[in-house]
Enquirer: 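There's a structure below that I have some questions on.
By convention in this document, chain letters (A, B, ...) are assigned in the order of the sequence lines, proteins followed by strands, and residues within each chain are numbered from 1. In what follows, every heavy atom counts, from backbone to side chain, and hydrogens, waters and symmetry copies are set aside.
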Amino acid sequence: MSLTAKIETPSITYEQPLGLYIDGKWVKGVEGKTFETINPTDEKPIIAVHEAGPEDVDIAVKAARNAFNNVWRTTTPSERGIMLHKLADLFDEHVDTLAAIESLDNGKALSMAKVDISLSSGCLRYYAGWADKIHGKTIDTDHETFNYTRHEAVGVCGQIIPWNFPLLMWAWKIGPALATGNTVVIKTAEQTPLSGLYAASLCEKAGIPAGVVNVISGFGKTAGAAIASHMDIDKVAFTGSTVVGRTILQAAAKSNLKKVTLELGGKSPNIVFNDANIDNAISWVNFGIFFNHGQCCCAGSRIYVQSGIYDKFIQAFKERTSKNKVGDPFAADTFQGPQVSQLQFDRIMAYIKAGKDAGATVETGGARHGDKGYFIEPTIFSNVSPDMKIMQEEIFGPVCSISKFETEDDVIKMGNESTYGLAAAVHTTDLNTAIRVSNSLKAGTVWVNCYNMLSYQVPFGGFKESGLGRELGKYALQNYTQIKSVRIRLGDALFG
Amino acid sequence: MSLTQQIETPSITYEQPIGLYIDGKWVKGVEGKTFETINPSDEKVIVAVHEAGPEDVDIAVKAARKAFNGVWRTTTPSERGVMLHKLADLIDEHSDTLAAIESLDNGKALSMAKVDVQLSSGCLRYYAGWADKIHGKTIDTDHETFNYTKHEAVGVCGQIIPWNFPLLMWSWKIGPALSTGCTVVLKTAEQTPLSGLYAATLVEKAGIPAGVVNIISGFGKTAGAAIASHMDIDKVAFTGSTVTGRTILQAAAKSNLKKVTLELGGKSPNIVFNDANIENAISWVNFGIFFNHGQCCCAGSRVYVQSGIYDKFVESFKARTAKNVVGDPFAADTFQGPQVSQLQFDRIMGYIQAGKDAGAKVEIGGNRKGDKGYFIEPTIFSNVSSDMKIMQEEIFGPVCSISKFETEDEVIKSGNETTYGLAAAIHTSNLNTAIRVSNSLKAGTVWVNCYNLLSYQVPFGGFKESGLGRELGKYALANYTQIKSVRIRLGDALFG
């Protein structure tokens, strides 16, 4: 099988790399395996790509280690920034191709994919700016000692990314890792390998030296597990399900105690007070759950509306939801495309059934959309109770629940009634309500009068079982640096 | 069994609390169990203390959670600082008692114990100063959004401390945790429960509210395991062996994905170049391994001396070691007391035997000292090879190896040839050597022309398998805070 293939999308035809990108070269996997990636819009295979197994991970790690000890070590921080900046520029130049790949492989609307590309290049550009600003401290303890800390690159980083925002997640990982001087072995999700491989071809063009970025396609149980337990990977960053996050942390504990950061699931509360601006709230609540087909770790899947406006709200919300256009990602007015895979489709449909079986009311949706492609109708459940599966477990689809609440204390309690803690939102015009409630919600991000607004400048990550550590902002740099303290004694020996 | 006991030490007689300190009260364990703590100088029982089991951990966590949500939440940061400061002052007032307890229970010389007590109060005072300086950021992304981060207290923290510096480790844990607004359940080591319990009486006197600090005596396999897997502990901090560290990380992964920081073992290289100030180096190399009877995670147990000064150095080092007075902790001139327990004694003697069996040469020591108490002669092995057990594994006793090296590159390689990475030292008068070699050693702390000099101002922690995270300095605050991002949208909805 070749290492590239011509792929025709509804908007553009382009050359797709299919190999593993290791040590600056495109190669097949050692075992010669390949796997297909499916177009979720028509359920047909797009193309087969080469598959990385544990041996390929090992080869990639060796390449990354070699680059870390040599060429990347002697590349100045400013030069790292220039390369990341160039990579960002290349993303922008290739936006039409990258967006088309993303829509084809993931199923998101082309209009949404274009925004993803723009956010991806923005993220890379942001971290490009940090590259030559990684500061340690000098610390004055006494006149006979000179002390300083260095924030050194951790080393070779394994990065495992999900399928919901393939290219954006790629940028979130690569940006801070390269900015701080690390080298990476990044495994894309098996559902969406294509955009990461195309981006790898842009790494070459950006002048990033061989071995600094290694991009492999493969499965969690083989390549992902090999990364988590590799004895020469210094740090692993994972975004995905909480179940897999636990497995990775245990593998790190059993192998070489590599540093671990995790971005896991969520079941985020979206809370609307009587004094909210209702029109705005409707827009944000709709966007909060149905954006990206509900495939967001931070999706606002539990909606709580104060009793004074509940009836009015639910009608307006149903109406708004019915305006979400479900259809072909490449059609200009599409808002919601198909779910990413058969497996995800089945899981979500099962949750919908569980909701019905538990006695919840289907306000709208609740069925498949059409008969081809993994399309699901935007679904709202009312008449729910907190112990229902659909209220406890992350559905990761266009399915939400809506509940009524009386007081602020009630809704804070309900909002926090979850093992997750990734995000939350409050819609209110009252100053004190906004501050008090955002203070009380146990979530890594709290939105006020908006939802799903992420910025590469602002840290993102979970409380409780939603994760360990923070990505984005200056905070992400900590994930990729380790502190060395140096204490130089100027005086003689203290004792005999 | 009563909840206090009068204890007579060679220097002072005092009232020792022997209960569990939970929710501001002294109690027995639910199962009514007790265990004895042994005086390592004469192998006799000092006293029996009450033992905490999993149920007691649960009671303590409930008390800590209640205090976190209640009284500690409404205590201002400045007030937290005042209380920590008061606790530091009380530790100073009671230093004679605390030092005597430490010498009796741990076996360290009284003179050393007094320094420990001083460093403990210094640490608490340092973190008292941080309490009202825990800052988040405001981040400007665009004119329609107001963004800020809060560095919130993580919550209820489980802390498991070792026996080598009982009171000092107690303060390293309690200082940053309370400073940032957390509440704690702290388990002392079963070999050395006494000073932590006495310090708990000072917690009461300092006005720290009930439930904020809970001190329990108990064993790793029961109480420690209960902490690591507790579903309502938000974060666990552990100092001890790498083996147990792995267990704790896995327990966190399987339970509630609590945050974990680990301070584990070490096998730190202590490197002397030809151009070192030899007299100073001898003093530091001796202190580097024989201080605290070799019971330091950062002990300089692998000594490397450049060939130009090797022969002279070995002779001087032996002569210097012979001057270390080994004996009764309460005698004024004692430098080295007994090892902490029979188990440790046996382990270390096992390593000494392994060294002899492997063909290493005993330059000095190599035997038990005396016939009562866990005393071991300061021991130096030469003629070692890097694959020997005594060169690979942490001995945690007064036993070191000494090797010759030729070049800087060679010794950097030898120094880094370990799965550990806690500390290292270089002795040289050359500027560039100092900087180049400290840059190249994979260790969390690198000393230049000194050893074992720790300051609560300067971060401490391990590379590689020596740990996760950093204690001390401003850096420790990150272990006890979690980041919440708040994004307030000022404009209307972005979409329909």
Enquirer: So for A:Y475, is it side chain, backbone, both, or neither that comes closer than 4.5 Å to the heavy atoms of chain B?
Expert: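 For A:Y475, the side chain is the part near chain B, not the backbone.
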
Enquirer: Please classify the contact between A:K474 and chain B as side chain, backbone, both or neither, with a heavy-atom cut-off of under 4.5 Å.
Expert: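 Side chain only.
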
Enquirer: Taking every heavy-atom pair that is under 4.5 Å apart, which of A:G491, A:G469, A:S438, A:G155 has the most such pairs with chain B?
Expert: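 Looking at each of A:G491, A:G469, A:S438, A:G155 in turn, A:S438 comes out on top.
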
Enquirer: Hey, is the main chain of B:W447 close enough, under 3.5 Å, to the side chain of A:R487 for a donor-acceptor pair?
Expert: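 Not a single qualifying donor-acceptor pair exists.
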
Enquirer: Based on non-hydrogen pairs under 4.5 Å, which of A:A253, A:A252, A:A423 is most in contact with chain B?
Expert: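 Ranked by heavy-atom pairs under 4.5 Å with chain B, first place is A:A253.
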
Enquirer: Holding to salt bridge (Lys or Arg N to Asp or Glu O under 4.0 Å), I want the full list of residues that pass it with A:K254, two or more places apart in sequence or in another chain.
Expert: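 With sequence neighbours excluded, A:K254 shows a salt bridge (Lys or Arg N to Asp or Glu O under 4.0 Å) to no residue whatsoever.
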
Enquirer: Out of B:L257, B:V260, B:T145, B:L468, which one racks up the most heavy-atom pairs below 4.5 Å with chain A?
Expert: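 If we count pairs closer than 4.5 Å to chain A, B:L257 comes out on top.
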
Enquirer: Where on B:N256 is there a heavy atom nearer than 4.5 Å to chain A: the side chain, the backbone, both, or neither?
Expert: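 Contact with chain A involves both backbone and side-chain atoms of B:N256.
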
Enquirer: Relative to chain B, which of A:A443, A:A251, A:G421 shows the most heavy atom pairs under 4.5 Å?
Expert: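 It is A:A443.
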
Enquirer: With a 4.5 angstrom heavy-atom cut-off, could you sort out which part of A:F146 is near chain B: side chain, backbone, both or neither?
Expert: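 Nothing of A:F146, per the 4.5 Å heavy-atom cut-off to chain B.
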
Enquirer: Tell me, out of B:D492, B:N449, B:T445, who's got the most heavy-atom pairs with chain A below 4.5 Å.
Expert: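 Top count of heavy-atom pairs under 4.5 Å with chain A: B:D492.
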
Enquirer: At under 4.5 Å between heavy atoms, what parts of residues 240-248 of chain A are in contact with chain B? List them by residue number.
Expert: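 A:T242, A:R246, listed by number.
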
Enquirer: Quick check: under 4.5 Å, non-hydrogen atoms only, which of residues 460-467 of chain A neighbour chain B?
Expert: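 When heavy atoms of chain B are the reference, residues 460-467 of chain A contributes A:G462, A:F463, A:K464, A:E465, A:G467 within the under-4.5 Å range.
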
Enquirer: Considering the options B:V448, B:I435, B:I426, which one meets the side-chain contact (heavy atoms from CB on, under 4.5 Å) requirement together with A:V486?
Expert: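 Exactly one pass, corresponding to B:V448.
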
Enquirer: With a cut-off of 6.0 Å (strictly less than), are more than 12 heavy atoms of other residues, nucleotides or ligands near NZ of A:K325?
Expert: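 Atom NZ in A:K325 is packed in, count exceeds 12.
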
Enquirer: How far does SG of B:C450 sit from CD1 of A:I488, to the nearest 0.5 angstrom?
Expert: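 So the gap between those two atoms works out to 9.0 Å.
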
Enquirer: Quick check against the 3.5 Å criterion: does A:S485 have a side-chain atom that pairs as donor or acceptor with the backbone of B:P459?
Expert: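 Checking the backbone N and O of B:P459 against the side chain of A:S485, a donor-acceptor pair under 3.5 Å is found.
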
Enquirer: Verify, without hydrogens or angle tests, whether B:K484 (side chain) and A:N439 (backbone) share a donor-acceptor contact under 3.5 angstrom.
Expert: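 Indeed, once roles are kept as given, a pair shorter than 3.5 Å links the two residues.
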
Enquirer: Under a 4.5 Å heavy-atom cut-off, does chain B meet the side chain of A:T428, its backbone, both or neither?
Expert: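 Neither part, no heavy atoms under 4.5 Å.
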
Enquirer: Need one label for B:Y451: side chain, backbone, both or neither, based on atoms under 4.5 Å from any heavy atom in chain A.
Expert: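 Neither part; nothing is under 4.5 Å.
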
Enquirer: Is it the side chain or the backbone of A:L490 that comes within 4.5 Å of chain B heavy atoms, both, or neither?
Expert: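 No part of it gets close to chain B.
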
Enquirer: Count the heavy-atom pairs under 4.5 Å between each of B:I483, B:L249, B:L494 and chain A, then report the option with the highest count.
Expert: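 Looking at each of B:I483, B:L249, B:L494 in turn, B:I483 comes out on top.
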
Enquirer: Grab the two heavy atoms, one from B:T141 and one from A:S455, that are nearest each other, plus how far apart they are.
Expert: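 Taking every non-hydrogen atom into account, CG2-OG, 3.4 Å.
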
Enquirer: Would you say the side chains of A:R489 and B:N280 form a donor-acceptor pair under 3.5 Å?
Expert: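 The answer is no; no qualifying pair exists.
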
Enquirer: Does A:D140 offer a backbone N or O that forms a donor-acceptor pair with the side chain of B:Q457 under 3.5 Å?
Expert: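 Side chain of B:Q457 to backbone of A:D140: a pair is present.
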
Enquirer: Please state whether the side chain, the backbone, both or neither of B:S429 comes within less than 4.5 Å of a heavy atom of chain A.
Expert: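 Neither part, no heavy atoms under 4.5 Å.
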
Enquirer: Counting only non-hydrogen atoms closer than 4.5 Å, does A:N147 touch chain B with its backbone (N, CA, C, O), its side chain (CB onward), both, or neither?
Expert: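 Just the side chain, heavy atoms under 4.5 Å.
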
Enquirer: Does any backbone or side-chain atom of A:L454 lie under 4.5 Å from a heavy atom of chain B? Answer side chain, backbone, both or neither.
Expert: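 For A:L454, the backbone is the part near chain B, not the side chain.
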
Enquirer: Among B:A281, B:S255, B:A423, which residue has the highest count of heavy-atom pairs closer than 4.5 Å to chain A?
Expert: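 If we count pairs closer than 4.5 Å to chain A, B:S255 comes out on top.
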
Enquirer: Take atom CD in B:E279; do more than 12 heavy atoms of anything else shown fall under 6.0 Å from it?
Expert: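 Counting neighbours around CD of B:E279, 12 or fewer heavy atoms of other residues, nucleotides or ligands fall under 6.0 Å, so no.
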
Enquirer: Below 4.5 Å from any heavy atom of chain A, which atoms of B:L454 appear? Answer side chain, backbone, both or neither.
Expert: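 It is the backbone, since no side chain atom gets that close.
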
Enquirer: For B:F287, which residues count as a ring-ring contact (aromatic ring centres under 6.0 Å, His included) partner, sequence neighbours excluded?
Expert: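 B:F287 satisfies ring-ring contact (aromatic ring centres under 6.0 Å, His included) with A:F495, B:F291 only.
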
